[in-house]
Amino acid sequence: MEKYIVPAALLLLVLQEIRMIIKRQKLRRIKKRLQSLVKEKEKLRYENQQVMKTYKRLASWELHELLPENESDGSLEGIIGLVTMEQLEHKKIQQICKCQKEQQGILLPDNLNLTAWKILFLNQGEQALQFAIDTLSGFPKDDNAFTILFHHASCHYGIAGNSERAYSYFISKESDAFGKYLLQLRDAAVKLAITKKVHDQLSSNIKSRYIGYLELSGEPQELYEILDTCQEPERTQKIKADKSFQNGLQLYYKNDFYLARSYFAKVIRECPSDLIAKWYIFSSEKIMDGKIDDTEFHYGLFHQ
């Protein structure tokens, strides 16, 4: 049997041809995959467009107008107003919606909770404040069953669904954390409270007082009560007693609860309706009476 010896040059050419065939096959597969990805992207883009059209046709929520073109979700920062009322009343809802539109606020979805609303103001502290003042001015002056809390937050929002049905969503960890204190602020007859970051955006002629801090995920959030929303003579009384109130707070933070209670008691003599001062008095007394374990004590407002 004869043996054939393949020349090295020919063998090299065969190997090169095989490599080229393999390479062309790989390129065809890559091209096919890229074409498939482009088609998938176009399909997803079309579906997003259909969802957006459906939502815009059916919804009155304004936040979708802030979304990037052909995108179904986004992120932003702004001032969020948490609004709570004791009872659902048609007149109050009308007042809230009217003032929200006048001050260019955006009503946010909140799991159909009609007694706790969220309204977004895009870093417009003055507009947020005017919304609160206008809203509260439409209610009876002695109505303490209504509270607004403004805070600065970052959030994620968007639209989810299909071409037949679409839903809006809004996620803010800060709002969820602040929301836990709304009822306590309302029970303390605080009509309008704002965080320090919002407070720093307001003009200096606003009458306010520092009332302590709230503990949110281990971070203290300083809180201010806007006194311009208090009716007279309570407003004047709180302004007059504010020096004693601040002295009491500083002593409270220094563990001098006996003297702190004395200053808060002085505040109560000036303004008997000051329920925040009363809370600090009761808290100081609980600590002095040993009803609160030192290891569990916390200086934050409403933290017991």
Side-chain angles (χ1 to χ4, degrees), residues 82 84 132 142 144-152 174 177-200 202 204-304:
L82 303 177
T84 183
D142 58 349
N144 291 323
F146 189 91
T147 292
I148 301 175
L149 169 61
F150 284 123
H151 68 94
H152 187 276
E174 295 97 331
F178 275 112
K180 298 175 182 178
Y181 294 100
L182 270 180
L183 293 182
Q184 290 166 298
L185 286 167
R186 192 184 71 193
D187 291 342
V190 176
K191 292 187 176 182
L192 176 57
I194 62 176
T195 60
K196 185 179 187 302
K197 196 165 186 177
V198 178
H199 185 269
D200 291 345
L202 303 180
S204 58
N205 61 346
I206 298 298
K207 294 296 182 182
S208 64
R209 67 168 182 170
Y210 172 65
I211 58 175
Y213 66 88
L214 301 177
E215 189 74 21
L216 272 68
S217 302
E219 293 292 330
Q221 295 284 344
E222 296 182 359
L223 203 63
Y224 292 79
E225 178 184 11
I226 301 300
L227 301 180
D228 290 334
T229 59
C230 299
Q231 61 176 323
E232 295 293 355
E234 182 184 37
R235 175 181 175 276
T236 301
Q237 291 170 345
K238 285 185 176 180
I239 292 173
K240 185 178 179 181
D242 189 46
K243 185 175 180 179
S244 295
F245 187 93
Q246 301 305 324
N247 286 336
L249 269 182
Q250 294 306 311
L251 290 167
Y252 186 84
Y253 294 150
K254 293 177 181 179
N255 295 332
D256 195 339
F257 303 110
Y258 181 81
L259 278 179
R261 181 184 62 174
S262 299
Y263 274 102
F264 289 125
K266 185 178 179 181
V267 173
I268 295 300
R269 288 193 294 271
E270 291 279 356
C271 182
S273 61
D274 192 338
L275 299 183
I276 295 292
K278 287 183 180 179
W279 184 89
Y280 280 111
I281 289 175
F282 293 146
S283 179
S284 298
E285 290 175 348
K286 284 182 181 180
I287 298 166
M288 289 188 293
D289 293 341
K291 295 180 180 179
I292 301 178
D293 192 325
D294 290 344
T295 60
E296 299 178 355
F297 174 71
H298 202 284
Y299 298 102
L301 180 62
F302 303 134
H303 197 288
Q304 288 287 318

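Only heavy atoms go into these numbers, but all of them, side chains included; no hydrogens, no water, no symmetry mates. Computed from a prediction, not measured in an experiment: that's the story for all the values here.
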Residue list, salt bridge (Lys or Arg N to Asp or Glu O under 4.0 Å) with Lys196, at least two apart or on another chain: Asp200
List the steps, then state whether side chain to side chain contact (heavy atoms under 4.5 Å, CB included) holds for Ile276 with Phe264. CA-CA 9 Å; Ile276 295 292; Phe264 289 125; over 6 Å; no
Using the salt bridge (Lys or Arg N to Asp or Glu O under 4.0 Å) criterion, which residues pair with Glu219? Sequence neighbours excluded. none
Step by step, would you call Ile194 with Ile226 a side chain to side chain contact (heavy atoms under 4.5 Å, CB included)? CA-CA 8 Å; Ile194 62 176; Ile226 301 300; 3.5 Å; yes
Does the side chain of Trp279 come within less than 4.5 Å of Ile281's, by heavy atoms? no
Is there a donor-acceptor pair closer than 3.5 Å between any side-chain N or O of Ser284 and the backbone N or O of Tyr280? yes
Any residue meeting side-chain hydrogen bond (donor to acceptor under 3.5 Å, both in side chains) with Tyr258, in chain and number order, not counting sequence neighbours: none
Can you name the residues that form a salt bridge (Lys or Arg N to Asp or Glu O under 4.0 Å) with Glu285, not counting sequence neighbours? Arg261
Give the minimum heavy-atom separation between Tyr181 and Leu216, together with the two atoms involved. CE1-CD1, 3.9 Å
Close side-chain approach of Leu249 and Tyr210, heavy atoms under 4.5 Å: yes
For Arg235, enumerate each residue passing the salt bridge (Lys or Arg N to Asp or Glu O under 4.0 Å) test, keeping only those at least two apart in sequence or located in another chain. Asp228, Glu232
Taking atom CD1 of Ile211 and atom CG of Leu223, what is their separation to the nearest 0.5 Å? 4.5 Å
With a 4.5 Å limit on heavy-atom distance, are the side chains of Thr195 and Leu214 in contact? no
Pairing residues for Tyr263 by the ring-ring contact (aromatic ring centres under 6.0 Å, His included) criterion, not counting sequence neighbours: none
Are the side chains of Tyr253 and Tyr213 in contact, using a 4.5 Å heavy-atom criterion? yes
Starting from the C-alpha separation in whole Å, work towards a yes-or-no answer on side chain to side chain contact (heavy atoms under 4.5 Å, CB included) for Gln221 and Phe178. CA-CA 9 Å; Gln221 295 284 344; Phe178 275 112; 3.8 Å; yes
Quick check: closest heavy atoms across Leu182 and Leu149, and the distance to 0.1 Å? CD2-CB, 3.9 Å
Partners passing side-chain contact (heavy atoms from CB on, under 4.5 Å) against Leu275 (at least two apart in sequence or in another chain): Ala188, Ala189, Lys278
List the residues meeting side-chain hydrogen bond (donor to acceptor under 3.5 Å, both in side chains) with Ser208, not counting sequence neighbours, and say none if there are none. His199
Tabulate below the donor-acceptor pairs under 3.5 Å that side-chain atoms of residues 237-245 make, not counting sequence neighbours, or state none.
residue: Lys238; atom: NZ; partner: Glu225; partner atom: OE2; Å: 2.9
residue: Lys238; atom: NZ; partner: Glu234; partner atom: OE2; Å: 3.4
residue: Asp242; atom: OD1; partner: Gln246; partner atom: NE2; Å: 3.0

Mind checking whether Tyr252 and Leu259 have side chains closer than 4.5 Å, heavy atoms only? no
What residues form a side-chain hydrogen bond (donor to acceptor under 3.5 Å, both in side chains) with Gln250, not counting sequence neighbours? none
Under a 4.5 Å cut-off applied to non-hydrogen side-chain atoms, are Thr147 and Asp187 in contact? no
Say you draw a straight line from OG of Ser273 to CD1 of Ile268; how long is it, rounded to the nearest 0.5 Å? 8.0 Å
Test item: Arg209 and Leu227 side chains (from C-beta on) under 4.5 Å apart, heavy atoms: yes
Partners passing side-chain hydrogen bond (donor to acceptor under 3.5 Å, both in side chains) against Asp256 (at least two apart in sequence or in another chain): none
Is the ring pair Phe257/Tyr299 parallel, tilted or perpendicular, if the boundaries are 30 and 60 degrees? parallel
Closest heavy-atom contact between Ala260 and Gly248? CB-O, 3.5 Å
From Gln231 atom CD to Thr236 atom OG1, the distance as rounded to the nearest 0.5 Å: 11.5 Å
Heavy-atom distance under 4.5 Å between the side chains of Leu82 and His151, does that happen here? yes
